[in-house]
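Here's the structure we're looking at; comments come further down.
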Amino acid sequence: MKRWIIAAASTLGLSIAALVGVVAYTAIGRARGENWSSLNGPEPVWPAVVGFGAMYVIPISALLLVVLVVSAIVRAYMPRSADRT
């Protein structure tokens, strides 16, 4: 369970960092006068791919992290049976 929580938290952190990086990269590009309005032209397409991918991964990993933490809390407070040896 601990590994799953660490993996979900890492995925959430990396996807937030990727989204913030893409936002900063596009802001710098716009400040330099580069307008990336179309995905069909010679402009770079990878910021859109990374940004939209991160926007899809953020809520999924956040929801998974919440479910894992709640289940870990519930498991911690559930009484264990004495039959297990």
Side-chain angles (χ1 to χ4, degrees):
M1 182 73 73
K2 184 177 177 181
R3 289 182 185 165
W4 283 97
I5 292 173
I6 291 171
S10 299
T11 304
L12 179 62
L14 287 174
S15 57
I16 289 172
L19 185 62
V20 169
V22 166
V23 168
Y25 180 77
T26 55
I28 291 170
R30 286 187 185 143
R32 293 178 52 200
E34 301 170 3
N35 188 9
W36 302 324
S37 60
S38 173
L39 295 177
N40 293 332
E43 297 88 10
V45 178
W46 68 266
V49 172
V50 172
F52 281 112
M55 284 195 303
Y56 283 118
V57 171
I58 287 171
I60 293 169
S61 60
L63 181 64
L64 181 63
L65 184 62
V66 168
V67 168
L68 287 171
V69 168
V70 168
S71 67
I73 291 171
V74 168
R75 276 182 66 192
Y77 288 108
M78 296 256 319
R80 297 183 185 219
S81 67
D83 296 335
R84 293 185 188 171
T85 55

Shortest non-hydrogen pair, Ser15 vs Ala54, comes out as O-CB, 3.4 Å

With the 4.5 Å side-chain cut-off for hydrophobic clustering, are Val74 and Leu65 part of the same group? no

Tell me whether Leu64 is reachable from Ile5 by hopping between hydrophobic residues (I, L, V, M, F, W, Y) whose side-chain heavy atoms are closer than 4.5 Å. yes

State the CG-CG distance between Leu68 and Leu63, to the nearest 0.5 angstrom. 9.5 Å

Could you see if Leu12 belongs to whatever hydrophobic cluster contains Val69? Use Ile, Leu, Val, Met, Phe, Trp, Tyr and a side-chain cutoff under 4.5 Å. yes

Just to verify, what does Arg32 make a salt bridge (charged side-chain N to carboxylate O under 4.0 Å, His left out) with, not counting sequence neighbours? Glu34

Is there a continuous path of hydrophobic side-chain contacts, each under 4.5 Å between heavy atoms, that joins Val22 to Val57? no

Measure the spacing between CD1 of Ile58 and CG of Leu19 and express it to the nearest 0.5 Å. 5.0 Å

Met78 with Val70, same ILVMFWY side-chain cluster at under 4.5 Å: yes

